[in-house]
There are 2 protein chains.
Amino acid sequence: MKQRSSIIGSVEALPHRVASHLSREIEGGDIIPGARLPTESQLADKFGVSRNVVREAIAQLRADGMIEARQGIGAFVMAPEQRTAIRIDREALKDQRNMEQLFELRSILETESATLAAARCASDDLDAIKAALDRMGGEERWEDGSIEADLLFHRAIARATGNGYIYTFISFVCEQIRQSIHYARLTNPLHDLVEVNVAEHVRIYDALAAHDPQAAGEAMRRHIDGAASRVGVELTAKINRGK
Amino acid sequence: MKQRSSIIGSVEALPHRVASHLSREIEGGDIIPGARLPTESQLADKFGVSRNVVREAIAQLRADGMIEARQGIGAFVMAPEQRTAIRIDREALKDQRNMEQLFELRSILETESATLAAARCASDDLDAIKAALDRMGGEERWEDGSIEADLLFHRAIARATGNGYIYTFISFVCEQIRQSIHYARLTNPLHDLVEVNVAEHVRIYDALAAHDPQAAGEAMRRHIDGAASRVGVELTAKINRGK
DNA sequence: CTTGCGATGTTGTAGGATGACCGTATGATC
DNA sequence: GATCATACGGTCATCCTACAACATCGCAAG
């Protein structure tokens, strides 16, 4: 079959490209909430793809609650508040300010996570956290393994809160940050900073093991601040949070 | 065209039903991460739908990072940690314990949101918050309008933090809770409780207007606790959070 | 004026055809 | 016998056409 003339040449799949394009148009305000999208056929012509591809793209956006399609009428843009999913634009994180804000959110979640975990964690929770910590301090300080153990550590704490939503949200935010960092600079030895990083984790673990919520929370907050500065993000806007 | 024999009779669209079914199978552990899904044709036969429908369902799951399709090989289940989107199962919120956990997460986010907002909010931010408050206390205390103004109030505070991610996360969590409540019990007069609710909001606003972070945070925490108990959810596991 | 019905447009679903890509088996070459 | 090129079947990616389900509008009959 002859190849249609595509909009852009890329490795990404067509539905994803169409979805991204529509998503940006909606996010950017080109199409206001409540407005109707062009028909599937029109979109197919516009992007130079088949109607089938357009439908798959719309299926993705519809799953997020970004648009709503009604049979016989058309597809409509929905208000951004009633999304059924949270999605973070990886591109936006290249902006230092956005990364800073995401770190601030992470700080909030993780600080409280550590606080709750200190009060609730059982012995097996502590074992899991300790295991992750050992992996970090162990021989596999090389790039990937270390980062993986780092995430494992934080997830283990989140799990120790006993709150599945906290676990989900923290996992998500951390993963977004990790991938964004990993993408920005692939090589990151800096062994002296690794030592600092491990030391911060040890302090968190000690507070958790002592079941001291306040100490755990503060250790975690300092750690996130440190982690942020280590990747070049300064949480300048530090407020005198209720401490 | 003759109607195929569908799995279940429902008003939901076919792709969504297939996606939900697959999602539950993955979430439930029936298909472990890394495993390969049946081919599109097999799934089409299994669900009694066309391959087109299966592809739309997979498109949704793929957008969430739940599965990954590789041309020429098949579709594979991915680890739950590397999802690219957060989605909350509305069904699961019917379980009191899950609702309780979601409220706890909301408490964390909103408390810190109020704290930050108190330190950062500008006069126009306060105006927006005040406007929402007036709408709540105003004449439209009837069901929907009141709840809408309530959400508007909380969103205005989140916006005043200047952190877009905090706004997104809080909007999302609040919306999930609202829809779940709205679904559970459609009628909710209880006018005396409405007065209490408004009073709590006033206290939050006063703290924000006074730019008192600690007072704002505590007022918000008390409000969320109160809101939870008003819908029958007790945040029993209250910890001595770093006060 | 109201009501019913057809025309038209839109999304939803079915089904088949072809291209692109992957893994493996087969067979030729050294 | 070992190695490498090629053929083949399986699978996803995309395209196309056709029809069903639903909504809206206009027009004609009552």
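A note on names: the letters A, B, ... follow the listed sequences, proteins ahead of strands, and every chain is numbered from 1. Not measured: the values here are computed from a predicted model.
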Just the rounded figure in Å: distance from P of D/dC22 to CD of A/E68.
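The distance from CD of A/E68 to P of D/dC22 comes to 16 Å, rounded to the nearest Å.
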For DNA chain D, which residues in residues 54-62 of chain A have a heavy atom at a distance below 4.0 Å?
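Residues of residues 54-62 of chain A that come under 4.0 Å of DNA chain D do not exist, since none gets that close.
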Taking only residues two or more places apart in sequence or in another chain, which ones pass side chain to side chain contact (heavy atoms under 4.5 Å, CB included) with A/S20?
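In terms of side chain to side chain contact (heavy atoms under 4.5 Å, CB included), with neighbours along the sequence ignored, A/S20 is linked to A/H16, A/R24.
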Quick one: list whatever passes side chain to side chain contact (heavy atoms under 4.5 Å, CB included) with A/S229, sequence neighbours left out.
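A/E234.
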B/S50 side-chain N/O to C/dA14 phosphate OP1/OP2 under 4.0 Å:
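Yes, because at least one side-chain N or O of B/S50 sits under 4.0 Å from OP1 or OP2 of C/dA14.
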Is there a donor-acceptor contact under 3.5 Å from the side chain of A/T111 to the main chain of A/S107?
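Present.
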[X]: which residues meet the ring-ring contact (aromatic ring centres under 6.0 Å, His included) condition with it, sequence neighbours left out?
{"X": "A/F103", "answer": "none"}
{"X": "B/Y167", "answer": "none"}
{"X": "B/F153", "answer": "B/H201"}

Contact nearer the 5' end of DNA chain D, comparing B/A69 with B/N52:
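Going by which nucleotide is closer to the 5' end, it is B/A69.
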Bend angle of the helix from C/dC1-D/dG30 to C/dC30-D/dG1, end axes from five pairs each (to 10°):
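Both end axes considered, the difference amounts to 20°.
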Which salt bridge (charged side-chain N to carboxylate O under 4.0 Å, His left out) pairs, counting each pair once, include a residue from residues 158-167 of chain A, with sequence neighbours left out?
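Passing the test, one end in residues 158-167 of chain A: no pairs.
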What donor-acceptor contacts under 3.5 angstrom involve side-chain atoms of residues 65-74 of chain A, with partners at least two apart or in another chain?
none

Looking at C/dG23, D/dC15, C/dT11, which one has an atom nearest to any side-chain atom of B/I73?
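For the B/I73 side chain, the nearest candidate turns out to be C/dG23.
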